[in-house]
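Notes follow the structure.
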Amino acid sequence: MRELHAYGMRVMAGLYGHETHEQARHALSSIVGRRTDDLDASGMTKATIESLFENFHDGIVAPLMWYVLGGLSGMLAMKCVNTLDSMIGYRWGRYGDFGLGAARLDDGMGYVSARLSYGVILCGGVCGRLWGSVGDFSLLKGLRVGWRDASNHVSVNAGWPEAASAVVLGVRLGGRRVYGTHVVDGAPIGDGRDVLHGDDLTSAMALYRWSCACACGVACLAVFFLC
């Protein structure tokens with residue numbers, strides 16, 4: 001939780017604070033697999049939000065869920081599979097066939113937790129709205145738009161946390177991404193603004209913090225009732 005938050009704050013400091021865009025680009029390249037050299041400030045803001053909430057599922061919600069279900073061994077298994085997918089689970093290039101098993105196993109282990117993260121982020125948005133750190137949004141619209149757009153992502157799981165964050169923040173994510181020499185023309189996620197600004201990243205960081213708090217709360221309640 002702390003590391004993802006730190007990288008997000010570094011990007012924000014480089015784009016909209018006292019550091020440089022190159023420092024923001026360097027921080028962003030640490031948490032995304034895509035190329036960042038051709039991204040402007042809006043593109044880097046969008047990439048940061050997408051990666052922040054995709055990794056919110058992979059690094060926080062999924063391990064917590066597997067910890068509740070299987071203890072430390074369950075959490076360790078989830079993290080090993082997710083790390084293997086990050087290393088070789090590509091659909092193209094050198095590991096296109098070799099990494100297929102890792103990618104499918106990661107999809108299976110994260111299937112339920114990805115949908116859970118969708119609800120957790122919406123809850124984080126409600127909490128942030130009540131405390132004034134996240135802008136106003138319609139929960140019913142969030143449920144409808146998120147459900148509609150989550151399947152637009154090339155990943156069966158990553159679209160859910162990204163769709164929830166897009167709805168809460170009132171922005172449009174997805175679109176064109178470049179991984180090395182491979183171009184992915186992703187469908188849009190959300191129906192908000194396409195050009196993002198510093199306020200969007202500030203709200204995204206607040207939403208991330210509230211979502212982390214909600215995830216921990218849900219995990220504690222689950223452990224309490226299961227025990």
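Side-chain atoms are counted along with the backbone in the values below, which use heavy atoms only and exclude waters and symmetry mates. Note that this is a predicted model, so its numbers are computed, not measured.
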List the atom of [X], the atom of [Y], and the distance in Å for their closest heavy-atom pair.
| X | Y | result |
| --- | --- | --- |
| Ile49 | Asp200 | CD1-O, 4.2 Å |
| Gly14 | His21 | O-CD2, 3.4 Å |
| Trp210 | Gly124 | CB-O, 3.4 Å |
| Ala215 | Ile60 | CB-CG2, 4.4 Å |
| Val81 | Leu105 | CG2-CD2, 3.7 Å |
| Ile189 | Ala163 | CG2-CA, 3.4 Å |

Report yes if some heavy atom in the side chain of [X] is under 4.5 Å from a heavy atom in the side chain of [Y]; otherwise report no.
| X | Y | result |
| --- | --- | --- |
| Thr48 | Met12 | no |
| Leu122 | Leu143 | yes |
| Glu22 | His26 | no |
| Pro188 | Asp149 | no |
| His57 | Val120 | no |
| Arg129 | Val168 | no |
| Asp85 | Thr83 | no |
| Ser203 | Ser133 | no |

Is it true that [X] and [Y] fall in one hydrophobic cluster, defined by side-chain heavy atoms closer than 4.5 Å?
| X | Y | answer |
| --- | --- | --- |
| Phe137 | Trp147 | yes |
| Met9 | Tyr16 | yes |
| Met65 | Leu221 | no |
| Val112 | Val68 | no |
| Phe224 | Val218 | no |

Just by distance, do the side chain of [X] and the backbone of [Y] share a donor-acceptor pair under 3.5 Å?
| X | Y | value |
| --- | --- | --- |
| Ser42 | Leu196 | yes |
| Ser113 | Leu116 | no |
| Asn55 | Ser51 | yes |
| His153 | Ser155 | yes |
| Glu162 | Gly159 | no |

So how far is it from [X] [atom1] to [Y] [atom2], rounded to the nearest 0.5 Å?
| X | Y | atom1 | atom2 | result |
| --- | --- | --- | --- | --- |
| Ser211 | Phe56 | OG | CZ | 4.5 Å |
| Leu169 | Ile121 | CG | CD1 | 9.5 Å |
| Arg25 | Leu15 | CZ | CG | 8.5 Å |
| Ser29 | Leu39 | OG | CG | 11.0 Å |
| Leu201 | Leu207 | CG | CG | 11.5 Å |
| His5 | Arg209 | NE2 | CZ | 4.0 Å |

Handout entry: Other residues, nucleotides, ligands: >12 heavy atoms within 6.0 Å of Tyr67 OH
Key =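 Check fails, neighbour count at 12 or below.
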Handout entry: Leu72 CG: over 12 foreign heavy atoms closer than 6.0 Å
Key =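 Open.
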Practice task
For the pair Tyr118 and Trp160, name the ring-plane relationship: parallel under 30°, tilted 30 to 60°, perpendicular over 60°.
Solution key: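 Taking Trp160 first and then Tyr118, their aromatic rings stand perpendicular (interplane angle over 60°).
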Practice task
List the steps and the verdict of salt bridge (charged side-chain N to carboxylate O under 4.0 Å, His left out) for Arg34 and Glu50.
Solution key: CA-CA 11 Å; Arg34 73 187 72 176; Glu50 291 173 349; 2.7 Å; yes
Problem - Cys216 and Met1: CA distance, side-chain angles, deciding distance, side-chain contact (heavy atoms from CB on, under 4.5 Å) verdict - result: CA-CA 11 Å; Cys216 290; Met1 294 182 187; 3.1 Å; yes
Practice task
Please say whether the positively charged group of Arg10, taken as NZ for Lys or CZ for Arg, lies over the ring of Tyr7, i.e. under 6.0 angstrom from the six-membered ring centre and within 45 degrees of the axis.
Solution key: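 Judged by the rule (NZ or CZ under 6.0 Å from the ring centre, within 45° of its axis), Arg10 counts as positioned above Tyr7.
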Practice task
Determine, step by step, whether Leu173 and Phe53 satisfy the side-chain contact (heavy atoms from CB on, under 4.5 Å) criterion, reporting the C-alpha distance in whole Å, the side-chain angles of both residues, the deciding distance to 0.1 Å, and the verdict.
Solution key: CA-CA 11 Å; Leu173 303 177; Phe53 288 97; over 6 Å; no
Problem - Derivation and outcome, salt bridge (charged side-chain N to carboxylate O under 4.0 Å, His left out), residues Asp194 and Lys46 - result: CA-CA 9 Å; Asp194 193 51; Lys46 182 182 295 187; 3.1 Å; yes
Practice task
Enumerate the residue pairs fulfilling salt bridge (charged side-chain N to carboxylate O under 4.0 Å, His left out) with a member in residues 53-81, sequence neighbours excluded, ordered by first and then second residue.
Solution key: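 Of all non-adjacent pairs touching residues 53-81, none passes salt bridge (charged side-chain N to carboxylate O under 4.0 Å, His left out).
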Exercise for the section: Decide whether Ser165 and Tyr208 meet the rule of one side-chain donor and one side-chain acceptor closer than 3.5 Å. Expected result: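 Side chains of Ser165 and Tyr208: no pair found under 3.5 Å.
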Exercise for the section: Would you check, one step at a time, whether the test side-chain contact (heavy atoms from CB on, under 4.5 Å) holds for Thr45 with His197? Expected result: CA-CA 7 Å; Thr45 300; His197 306 286; over 6 Å; no
